[in-house]
Student: 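To start, I am sharing the structure in question, which I have written as structure tokens.
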Amino acid sequence: MNLKFRAKDYLSSDSFEPAEYEYIGNQKDGWEIKRNGEPYLQLGPGYIPLKTISCGVCSTDIDRRFLPFPLPQIIGHEVLAEGLEENQGKQFVVEINDTYEARGDKEPDLFCKEGIPTHSPERRVLGIDRLPGGFGPYILAPINAAISLEGVSPKAAVLMEPFAAALQAIIASPPKKGDHVAVLGPRRLGSLILAALSSYRKSNHAEFRITAITRHDHLVKLSKEMGADDVIDLRITNVENLKNKFDIVYDTTSTPSGFESAIQIAKREVHLKTTNGQPMAGINHLTELVVDELSILPYSEENTKFHWEKETRSNKNIFVFENVSEDVKAKLKQNFTVYVGDEKTAESILSSKDFLGHLPRFDVVVVSNPSEIGLVIRPNPNHENSLVRPRGAILVDTTNTNQWPSDQSLVGEFLKQGKEIHSSRCGDFHMAISLLRENPEITKSLETNLISHRYPADKLEEAYNKAKDPSSVKVVVDFQ
């Protein structure tokens, strides 16, 4: 097959320019992608061509220039598409991770074997990392990432990727009985987290209260429609008056100030959901924290056992930074294989024979201050590999928080009080579709209330700029 088309590339200058693309190949033999007549990307077998119907604009698109992936690129990853050739007439939603598992490769890597295929270092990401996205008229989707759309209306389907991501936050940080949880910034993703919380509460007969926190009139009404029990308007109520009020705060603001507010008002946990590529509260690489779905926890014996709820593994290998207290090091050595040093030492160990044939990550890393958190997440500017395994934990020794720099004091006090920071990324489309089928009233609410603006594909720049405007909620670009 040969697909030739024009699309608008996104540039590091936060602007767009037209480009000529050509997809040459087939699912069995692989594909060559050309851009302006020059080789752009070579793909192996396992991809099917799809024609874009519509694509949503999200916070990641708006902050794409800050992310550590090459530009220019056709961005957009919230895709509703239709099949070509033997898939003619079928509609699909597309999971964004291009991995061995997604392509159906028979020889998976260690990350797939460990049950975390979406974190494979070799993965590409639709509309984010190299693989051309949904702001073009055609995409190439890994065969197992194209999910047939059955039982959910196309109006709601264009929201499937962000709804699945929202649901992932609830799976990673589920409310407990009697909890009072808050969604900070209930706009694009925040509104979907409200809907996911409401659906989760109903399907699981759970008992917890949901509050939305905003500063915009149109989001007050929307938050109620999406399932919030209460709405707090920050133009009326000061953040100072909300300190330690909510058991879990799901931060979807995508701003440093929003994250700092979340830290102040959380009683037990902040779940960081959106990314902006910038340092926040004195911590570097929090965008990559979300990409790797990592957690930041205060050091404790219990937290050395941390893993995601559905994982059955146990932690074995722990790396400890040199300035961590000797008492902590001694306790760890009683139960784990412990390595000590700086980030360069850690990288050397991960590439040594000790990890040959094993996932090249530590199960847990213990640091002495927030500056070292960023070094754990991205120790080397030449690659995107963390020292700690995806969905693993960075434990912070809070013995000497009074010696931390002032810009890190907010996080220092937060962790010293035993509170936690968790994160999550994209979610399971099958689970999201199932939950929407079980809760048709939520589906109807998504269709009716969430999409505030639609633009034709030739107005992409207008759509993109409208998505930046706080007066919008969800902006969708239509190709048909």
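Computed from a predicted structure; not experimentally measured.
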Student: With no hydrogens and no angle check, do the side chains of Q417 and E413 hold a donor and an acceptor under 3.5 Å apart?
Tutor: yes
Student: D61 and G56: which non-hydrogen atoms are nearest, and at how many Å?
Tutor: OD2-O, 3.7 Å
Student: Decide whether E438 and S203 meet the rule of one side-chain donor and one side-chain acceptor closer than 3.5 Å.
Tutor: yes
Student: Determine the sole option in T345, N317, V320, I318 for which the side-chain contact (heavy atoms from CB on, under 4.5 Å) test with Y339 is passed.
Tutor: N317
Student: So with a 6.0 Å cut-off around CD of E207, is the heavy-atom count from everything else above 12?
Tutor: no
Student: Can you say whether the rings of Y10 and F16 are parallel (under 30°), tilted (30 to 60°) or perpendicular (over 60°)?
Tutor: perpendicular
Student: Can you tell me which residue among E420, E309, R268, H271 is in a side chain to side chain donor-acceptor pair (under 3.5 Å) with S173?
Tutor: H271
Student: Evaluate the side-chain proximity of L359 to I116: yes if any heavy-atom separation is below 4.5 Å, no if none is.
Tutor: yes
Student: Is any NZ, NE, NH1 or NH2 atom of the basic residue among D292 and R378 found under 4.0 Å from an Asp or Glu carboxylate oxygen of the other?
Tutor: yes
Student: On the six-membered ring of F69, is R130 placed so that its NZ or CZ lies under 6.0 angstrom from the centre and within 45° of the ring axis?
Tutor: no
Student: Within a strict 4.5 Å, meaning less than it, do heavy atoms of the Q264 and L242 side chains meet?
Tutor: no
Student: Output yes when K344 and D342 qualify as a salt bridge under the 4.0 Å nitrogen-oxygen rule, no when they do not.
Tutor: no
Student: Is any side-chain N of the basic residue among E326 and K329 closer than 4.0 Å to the acidic one's carboxylate O?
Tutor: yes
Student: Please test R313 against E114 for salt bridge (charged side-chain N to carboxylate O under 4.0 Å, His left out), starting from the C-alpha separation and ending with a verdict.
Tutor: CA-CA 9 Å; R313 66 180 182 83; E114 284 276 326; 5.7 Å; no
Student: Minimum heavy-atom separation for L184 to G258, with atom names?
Tutor: CD2-O, 3.2 Å
Student: If I compare all heavy atoms of S254 with all of D251, which pair ends up nearest, and what's the gap?
Tutor: N-OD1, 4.5 Å
Student: So does K155 have more than 12 non-hydrogen atoms from other groups sitting under 6.0 Å from NZ?
Tutor: no
Student: Quick one: do the E288 and S386 side chains pair a donor with an acceptor below 3.5 Å?
Tutor: no
Student: Please determine, by modelled atom types, if R437 and N439 share a side-chain donor-acceptor pair under 3.5 angstrom.
Tutor: no
Student: Measuring only between side-chain heavy atoms, which start at C-beta, is K331 closer than 4.5 Å to E301?
Tutor: no
Student: If the condition is side chain to side chain donor-acceptor pair (under 3.5 Å), which residues does S198 pass it with, not counting sequence neighbours?
Tutor: none
Student: Is it true that the side chains of T304 and N335 contain a donor and an acceptor less than 3.5 Å apart?
Tutor: no
Student: Looking at the rings of F135 and H77, which for Trp means the six-membered one, are their centres under 6.0 Å apart?
Tutor: no
Student: Output, in order, the C-alpha distance, side-chain angles, deciding distance and verdict of ring-ring contact (aromatic ring centres under 6.0 Å, His included) for F246 and H180.
Tutor: CA-CA 5 Å; F246 305 100; H180 188 181; 4.9 Å; yes
Student: Under 4.0 Å between a side-chain nitrogen and a carboxylate oxygen: does that hold for D458 and K8?
Tutor: no
Student: Set out, in order, the CA-CA distance, both residues' side-chain angles and the distance that settles salt bridge (charged side-chain N to carboxylate O under 4.0 Å, His left out) for D397 and K416, then state yes or no.
Tutor: CA-CA 9 Å; D397 178 7; K416 196 169 186 178; over 6 Å; no
Student: Check the surroundings of atom NZ in K224: do more than 12 heavy atoms from other residues, nucleotides or ligands lie under 6.0 Å from it?
Tutor: yes
Student: Using only heavy-atom distances, determine whether the side chains of H453 and S472 contain a donor-acceptor pair under 3.5 Å.
Tutor: no
Student: Regarding N97 and T99, is there a side-chain donor-to-acceptor distance under 3.5 Å anywhere?
Tutor: no
Student: For E441, does the CD atom have more than 12 heavy-atom neighbours from other residues, nucleotides or ligands under 6.0 Å away?
Tutor: yes
Student: Donor-acceptor pair, distance only, cut-off 3.5 Å: does the side chain of S54 make one with the backbone of V158?
Tutor: no
Student: What heavy-atom pair brings A393 and L297 nearest, and what distance separates the two atoms?
Tutor: CB-CD1, 4.0 Å
Student: Less than 3.5 Å apart, any donor N or O on the side chain of K273 or S423 sitting next to an acceptor on the other?
Tutor: no
Student: At their closest point, which heavy atom of K316 faces which heavy atom of D363, and how far apart are they?
Tutor: N-OD2, 2.8 Å
Student: So, K468 and D14, do they make that salt bridge, N to O below 4.0 Å?
Tutor: yes
Student: If you draw a 6.0 Å radius around NZ in K267, do more than 12 non-hydrogen atoms from other residues or ligands fall strictly inside?
Tutor: yes
Student: Mind running side-chain hydrogen bond (donor to acceptor under 3.5 Å, both in side chains) on S325 and D327 for me, showing each step along the way?
Tutor: CA-CA 5 Å; S325 72; D327 182 52; 5.3 Å; no
Student: Does a donor on one side chain sit under 3.5 Å from an acceptor on the other, for D428 and Q168?
Tutor: no
Student: State whether D230 and R209 are salt-bridged, where the test is any N-O pair (Lys NZ or Arg NE/NH1/NH2 against Asp/Glu carboxylate O) under 4.0 Å.
Tutor: yes
Student: Mind checking whether E384 and V291 have side chains closer than 4.5 Å, heavy atoms only?
Tutor: no
Student: Taking NZ, NE, NH1 and NH2 as the nitrogens, is one of them in K466 or E461 under 4.0 Å from a carboxylate oxygen of the other?
Tutor: no
Student: Should the ring pair F319 and F321 be called parallel, tilted or perpendicular, given that the plane angle runs from 0 to 90° and is split at 30 and 60?
Tutor: perpendicular
Student: Return the minimal non-hydrogen interatomic distance between L435 and S199, and the atom names on each side.
Tutor: CD2-CB, 3.5 Å
Student: For a side-chain hydrogen bond (donor to acceptor under 3.5 Å, both in side chains) check, start with the C-alpha distance between E347 and H383, then their side-chain angles and the critical distance, and finish with the verdict.
Tutor: CA-CA 11 Å; E347 282 203 283; H383 60 69; 2.6 Å; yes
Student: Would you say the side-chain atoms of R188 and S59 include a donor-acceptor pair closer than 3.5 Å?
Tutor: yes
Student: Give me the one residue out of I263, N244, V270 that meets side-chain contact (heavy atoms from CB on, under 4.5 Å) with K419.
Tutor: N244
Student: Do L80 and L149 have side-chain heavy atoms sitting under 4.5 Å apart?
Tutor: yes
Student: Quick one: do the N449 and S445 side chains pair a donor with an acceptor below 3.5 Å?
Tutor: yes
Student: Could you tell me whether E293 and R391 have a side-chain N and a carboxylate O separated by less than 4.0 Å?
Tutor: yes
